[in-house]
Amino acid sequence: MLNILNKEIDLNKSAVLDDQLTLEEHFDRKWSIQSGEWRVEGGWLTGKKQTGSGLLLSRDDYPGDIMIECEARTVLPSTHDIDFMWNATWDTEKEGRTAYIVGIQGWMEGKAGFEKLPDYRLVATTPLFNFQPGHLYHVMVGSIQGHCFLFLDGKLIIEMTDPNPIDSQQHAKIGLEVYGSHVQIRNLKVRQIAWLPRQMSYTPEF
């Protein structure tokens, strides 16, 4: 179980929608490279771009409340920006996107947090996570009706609620991003989130 504010996520019932995303033979069918260098080799999906944004977008749609689960790390000497997107679409004419984005060791100051595109108006970050460059993290990130969460190695790092959630039926792709960084990802899965309301209360302390 994963616990977030007022919700309990049941991993055993959260069906795997896709577990083929880091297989070399499926790379061209599963992904569309928007910018940067991306490839799969030896089970690792590797992305890098020395400056600016390198973006990889899924060809398939994953509508509804979803979670991205994987193992991820920076490739030394790269020390920052392992970034994921979901509830996403790409606007070819405007060369822009709608999405939730989570950044791990981002925002130029080593923060973990969320952005909402295209307007970037909803941002929540924390500098308190002690990120270790090169460490392989177990990542679980996604949202339930706009309630976004990030778990690293089983620990809840940050969550936020969006009062105007992205339409997850209309915007249903996932993506990966590097920002002046070099990262590797393996064992990537997309899950449909199964959850229940969570009753929360204080136990009297005196």
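What you see below is based on every heavy atom in this structure, not just the backbone, and it leaves out hydrogens, waters and symmetry mates.
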Checking R73 against W44: charged group under 6.0 Å from the ring centre and within 45 degrees of the axis?
->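 Yes, a cation-pi geometry.
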Any sub-3.5 Å donor-acceptor pair from [X]'s side-chain atoms to [Y]'s backbone N or O?
X	Y	result
T126	L128	yes
D167	Q169	yes
S14	D10	yes
W38	S35	yes
T125	K111	no
S58	I174	yes
R198	I9	no
K116	N164	yes
S53	Y179	no

When D60 is tested against each of K173, R29, Q20, K30 for side chain to side chain donor-acceptor pair (under 3.5 Å), which residue passes?
->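 Only one option passes, and that is K30.
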Distance from [X] atom [atom1] to [Y] atom [atom2], nearest 0.5 Å?
X	Y	atom1	atom2	result
K7	M1	NZ	CE	15.5 Å
I193	I144	CD1	CD1	4.5 Å
M140	C70	CE	SG	10.5 Å
I4	C148	CD1	SG	9.0 Å
L23	L188	CG	CG	10.5 Å
E8	N6	CD	CG	12.0 Å

If you take all heavy atoms of [X] and [Y], which pair is closest and at what distance?
X	Y	result
G103	D83	CA-OD1, 3.1 Å
I185	A72	CG1-CB, 3.9 Å
A99	I166	C-CD1, 3.5 Å
Y100	G146	OH-CA, 3.6 Å
E159	L5	OE1-N, 3.1 Å
I82	V183	CG1-CG1, 3.8 Å

Is there a side-chain contact (heavy atoms from CB on, under 4.5 Å) between D65 and H147 once you walk through the steps?
-> CA-CA 10 Å; D65 298 328; H147 185 168; over 6 Å; no
Within-4.5 Å side-chain heavy-atom neighbours: [X] and [Y]:
X	Y	result
I101	F114	no
R97	M85	yes
S78	S181	yes
Q105	Q132	no

Starting from [Y], can I reach [X] by hopping between I/L/V/M/F/W/Y residues whose side chains sit under 4.5 Å apart?
X	Y	answer
W107	V102	no
I33	L176	yes
V139	M67	no
V141	L17	yes
I104	F149	no

With respect to R186, which candidate in E41, E71, E24 satisfies the salt bridge (charged side-chain N to carboxylate O under 4.0 Å, His left out) definition?
->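 When E41, E71, E24 are each tested with R186, the salt bridge (charged side-chain N to carboxylate O under 4.0 Å, His left out) holds only for E71.
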Decide, yes or no, whether a salt bridge links E69 with R191 under the criterion of side-chain N to carboxylate O below 4.0 Å.
->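 So E69 pairs with R191 through a salt bridge.
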Donor + acceptor pair across side chains of [X], [Y] (<3.5 Å):
X	Y	answer
Y62	D18	yes
H171	T89	yes
S143	W86	yes
D153	H135	yes
S32	Q34	yes

Do other residues, nucleotides or ligands put more than 12 heavy atoms under 6.0 Å from E25 CD?
->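 Correct, the count exceeds 12.
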Stepwise side-chain contact (heavy atoms from CB on, under 4.5 Å) test for V40 and L45 = CA-CA 4 Å; V40 176; L45 174 53; 3.6 Å; yes
Given F151 and N3, is the side-chain contact (heavy atoms from CB on, under 4.5 Å) satisfied, shown in steps?
-> CA-CA 10 Å; F151 286 83; N3 290 330; 5.9 Å; no
Would you check, one step at a time, whether the test side-chain contact (heavy atoms from CB on, under 4.5 Å) holds for L2 with W195?
-> CA-CA 9 Å; L2 299 177; W195 66 281; over 6 Å; no
Step through it carefully: locate the ring centre of F129, locate the ring centre of Y137, and say whether they are under 6.0 Å apart.
->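 Judged by ring-centre distance (under 6.0 Å), F129 and Y137 do meet the cut-off.
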